[in-house]
Amino acid sequence: MHINIVPIHEANDDIVYFEEKSCTEFGKVQLIPKGEELIVYIGIGQDSLTWEDIRFLGGISRKNLNNAKDAAVSAEFSLIMDRAGNPELGQVISSFMEGWYLAEYQFSSYKRTATSNQLTMQWEDERLREYDHAARIRANAVNLARDLCNEPANKLTPTTYAERLKQEFHETDVSVQVIDGNELVSNEFAGIHTVAKGSSEPAKLVVLTLARDASKEKIALVGKGVTFDSGGTNVKTGKDIGEMKMDMGGSAAVAGAMKLLADSNTAANVVAILPLVENLADGNAFLPSDVIRYRNGLHVEVGNTDAEGRLILADGILYAQLLGAKTIVDIATLTGSIGSALGLKAAGVFSNAEADLWHYKQLGDQTGDYVWPMPVFDDYLHYLKSDCGDFNNMSSSPYGGSITAALFLKQFVEKEIKWVHIDMANTVRPWREQGYYVPGASGFGVRLLFEMVKSEAAQS
Ligand code: BES
Ligand code: MN
Ligand code: ZN
């Protein structure tokens, strides 16, 4: 059996008549057996195609073949080329295949019956294989992030997470260091230590280093890694709290980006800082009204133990500066408010270098990891004032929660350091299971962080 994927923009004799009108709609698939071949007609339906559209076409094609037998597959790209404005064929193939491999993903570790079929792409011209390969590498990195997010909290604890990262980066150019136990206390990781106190799972701080080109300025990626967020003493009461197994989505995005940087041989000087904790409440838990002293001398009053993300990220940001990073990008499932502000399609991007925000928005559009520029109004510092310490981790205002969270983080960034913050609480899952998205986590942030690192590295 051979499978051929044929994009169409108008009906032909093969297509059943009553379907004629809709058969050319974007993403509409019809499987037509023809002798020894199965033809996959997929509608283009648009005069122009974005990169995300092309990834979606790959993803939709693959999903429609989940029940097909193992087979060799070929695809025709001329119509896509035409509608995409004739970019490089290699780029089109890479995008299509990225969607293909992302759609192939299943999280089936705990299913007795997992089925998947082997579909192997055939390339007439051997030189095209490298673009397929590049897509595979990219999708594998996103799928690593998806895997980490999809793991339930009893399987992915800070300890097993750190072990997993050691394995993942074994024999790569990325070195893995784990700081834990007394070292967290003696090295002044006060936020990480404090948040983890109420859990029997010990905190881990994982540091991933990729110093391929040490002549470049160091970039730090800091990812929130709360393997479960119960809210702590300010316990969460909502019904969907199982979602909080994905409160490590920021750290997963960073891990995926590091894998992509490593596997694609990118010349970069990057350090990833991943604070991993579980936010629970037992007799040792931190309490509202507690005060935390950070390594830079700032004291934070805990107004709410459910605003734990910013407490551990503050340690990450301070450590990034201690390690000499000149640019810091942090990413976190930080606030429910970001979803109220933006809905579920785009994460929020914040920075102390506002002029660059539209550039990140553009990188998001290219990669499919959509972000939208958000403000960091210094005036709102008023809402973070504390009677007891320098700042409160909880805003006194019910409004603009994502902005006050960002502003809290900004207090730990030194003036000359470029800082970018991505709040992805609303995008850790896909907003709709369309295109190449499958049940479970989206894998958001991997491709965006990768492009951001490349773009920053190109400037330094
Ligand atoms: N992990 C949550 C944010 C979150 C909410 C992620 C929904 C994914 C989906 C975070 O730690 C949190 O609890 N934030 C609080 C902050 C508040 C207490 C200031 C929130 O958003 O309500
Ligand atoms: Mn929380
Ligand atoms: Zn959280």
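All figures in this text were calculated on a predicted structure; none of them were measured in a lab. Counting convention: from 1, in listed order, for ligands and their atoms alike.
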O (Asp306) to the Mn ion (ligand 2) to OD2 (Asp229), nearest 10°, is 170°
Look only at the side chain of Glu98 and the backbone of Arg138, and say whether a donor-acceptor pair between them is shorter than 3.5 Å.
no
Note: Glu151 and Ser109 closest approach over all heavy atoms is OE2-OG, 4.3 Å
The Mn ion (ligand 2) -> Glu308, closest N, O or S atom is OE1
For this session: May I ask you to decide whether Lys204 forms a salt bridge with Glu163, counting only side-chain N to carboxylate O separations under 4.0 Å?
Result: no
Next item on the list: Report yes or no: does Arg447 contribute a side-chain atom to a donor-acceptor pair with the main-chain N or O of Thr367 at less than 3.5 Å?
Entry: yes
(Q) Parallel, tilted or perpendicular: which one describes the rings of Phe350 and His421, with boundaries at 30° and 60°? (A) tilted
Keeping Asn352 on the side-chain end and Ile417 on the backbone end, is there a donor-acceptor pair under 3.5 Å? yes
TODO: Output yes if Glu308 passes the N/O/S-under-2.8 Å test against the Zn ion (ligand 3); output no otherwise.
DONE: yes
The Zn ion (ligand 3) -> Asp247, closest N, O or S atom is OD2
Report every pair formed by an N or O atom of ligand 1 and a protein N or O atom separated by less than 3.5 Å, giving atom names and the distance to 0.1 Å.
residue: ligand 1; atom: 1 (N); partner: Lys224; partner atom: NZ; Å: 3.3
residue: ligand 1; atom: 1 (N); partner: Asp229; partner atom: OD2; Å: 3.2
residue: ligand 1; atom: 1 (N); partner: Asp247; partner atom: OD1; Å: 2.8
residue: ligand 1; atom: 1 (N); partner: Asp247; partner atom: OD2; Å: 2.9
residue: ligand 1; atom: 1 (N); partner: Thr333; partner atom: O; Å: 3.4
residue: ligand 1; atom: 11 (O); partner: Lys224; partner atom: NZ; Å: 3.1
residue: ligand 1; atom: 11 (O); partner: Asp229; partner atom: OD2; Å: 2.9
residue: ligand 1; atom: 11 (O); partner: Asp306; partner atom: O; Å: 3.1
residue: ligand 1; atom: 11 (O); partner: Glu308; partner atom: OE1; Å: 2.9
residue: ligand 1; atom: 11 (O); partner: Glu308; partner atom: OE2; Å: 3.0
residue: ligand 1; atom: 13 (O); partner: Lys236; partner atom: NZ; Å: 2.8
residue: ligand 1; atom: 13 (O); partner: Asp306; partner atom: O; Å: 2.9
residue: ligand 1; atom: 13 (O); partner: Asp306; partner atom: OD1; Å: 2.8
residue: ligand 1; atom: 13 (O); partner: Asp306; partner atom: OD2; Å: 3.2
residue: ligand 1; atom: 14 (N); partner: Leu334; partner atom: O; Å: 3.4
residue: ligand 1; atom: 21 (O); partner: Gly336; partner atom: N; Å: 2.7

Next on the checklist: Could you check whether any side-chain N or O of Thr305 sits under 3.5 Å from a backbone N or O of Asn234, counting only pairs where one atom can act as donor and the other as acceptor?
Outcome noted: yes
Taking the Zn ion (ligand 3) as the apex, Asp229 OD2 and Lys224 NZ span an angle, rounded to 10°, of 170°
Worksheet item: Near the Zn ion (ligand 3), is there an N/O/S atom from Val226 that is less than 2.8 Å away?
Response: no
Margin query: Under 6.0 Å from the ring centre and within 45 degrees of the ring axis: does the NZ or CZ of Lys197 meet both conditions for the six-membered ring of Phe286?
Written below: no
